[in-house]
Amino acid sequence: MKMSRSSQSSKNREYTTFKAFYPFYLSQHQNTTCRVLHYIGSFLVLVILIETVISQNWIQLALLPLVGYGFAWVGHFVFEKNRPATFQYPLYSLLGDWVMFTQGIAKFFQRKSNT
């Protein structure tokens, strides 16, 4: 699989703060379909969490990584054509998923309120 130029340059860089990592994270999510798949996965993770708390069927929690990462990884491998940052920076990547998700939701509602 051919990696994007920004993926290749990040191999030599060690991020020590999320603030430094996040611009790289966003550079790995430029494809709209990839981002949408991340949003879908994150939304479904929230749905599963809420439903699990309501039903107290705790075994459903095993679905969280499958759903959350499944959609994201399809986005990366099929549409973005890069290697997910999760493999190199798992915690920063997880945080990046949720920051990008909340920023995407905020942007969506901001557009809706402006129309």
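- Residues Glu80 and Gln30 are in side-chain contact: their nearest non-hydrogen atoms beyond the backbone lie under 4.5 Å apart.
- Across Ala20 and Pro23, no two heavy atoms sit closer than the pair O-CD, 3.5 Å.
- Taking OH of Tyr39 as the reference point, atom NE2 of His29 lies at 9.5 Å (rounded to 0.5 Å).
- With contacts defined as side-chain heavy-atom distances shorter than 4.5 Å, the pair Leu26/Arg35 qualifies.
- Closest of all the heavy-atom pairs between Asn82 and Phe77 is O-CD2, 3.8 Å.
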Open item on the list: Leu49 vs Val53, test: side-chain contact (heavy atoms from CB on, under 4.5 Å). Steps then yes/no.
Closed with: CA-CA 6 Å; Leu49 278 172; Val53 169; 5.7 Å; no
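- Taking 4.5 Å as the limit, some side-chain heavy atom of Phe21 sits within range of a side-chain heavy atom of Ser93.
- Shown here is Phe109, whose CZ atom has no more than 12 heavy atoms of other residues, nucleotides or ligands within 6.0 Å.
- In this structure the side chain of Tyr69 never reaches within 4.5 angstrom of the side chain of Val45, judged on heavy atoms.
- Ring pair Tyr25/Tyr22 is parallel by interplanar angle, where below 30° counts as parallel and above 60° as perpendicular.
- Cluster membership for Val47 and Trp58, using ILVMFWY side-chain heavy atoms within less than 4.5 angstrom, is shared.
- For Cys34 against His76, the heavy-atom pair with the smallest separation is SG-N, 3.9 Å.
- Sparse packing is recorded around CZ of Phe43, with 12 or fewer heavy atoms of other residues, nucleotides or ligands lying under 6.0 Å away.
- Here the closest non-hydrogen pair linking Ser42 and Trp98 is O-CH2, 3.3 Å.
- Leu64 and Leu91 fall into different hydrophobic clusters, defined by Ile, Leu, Val, Met, Phe, Trp and Tyr side-chain heavy atoms under 4.5 Å apart, directly or through other members.
- Hydrophobic clustering, with ILVMFWY side chains joined whenever heavy atoms are under 4.5 angstrom apart, keeps Ile50 apart from Ile105.
- When all heavy atoms of Gln28 and Arg83 are compared, the closest pair comes out as OE1-O, 4.5 Å.
- Distance OG1/Thr52 to CD/Gln60: 4.0 Å, rounded to 0.5 Å.
- Taken together through direct or relayed side-chain contacts under 4.5 Å among Ile, Leu, Val, Met, Phe, Trp and Tyr, Leu46 and Ile59 form parts of separate hydrophobic clusters.
- Interatomic distance, Leu63 CG to Leu44 CG, rounded to the nearest 0.5 Å: 10.5 Å.
- When side chains are defined from C-beta on, Thr32 does not count as touching Phe79, because their heavy atoms never get closer than 4.5 Å.
- Side chains of Thr33 and Leu37 form a contact here, defined as non-hydrogen atoms less than 4.5 Å apart.
- Put simply, Val67 and Ile54 are part of two different groups of oily side chains (I, L, V, M, F, W, Y) that touch within less than 4.5 Å, one to the next.
- The heavy-atom pair separating Gly96 from Phe18 by the smallest distance is N-CE1, 3.5 Å.
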- [ ] Apply the test ring-ring contact (aromatic ring centres under 6.0 Å, His included) to residues Tyr92 and Tyr15: give CA-CA distance (whole Å), side-chain angles for both, the deciding distance (0.1 Å), then the verdict.
- [x] CA-CA 9 Å; Tyr92 284 163; Tyr15 294 100; 7.7 Å; no
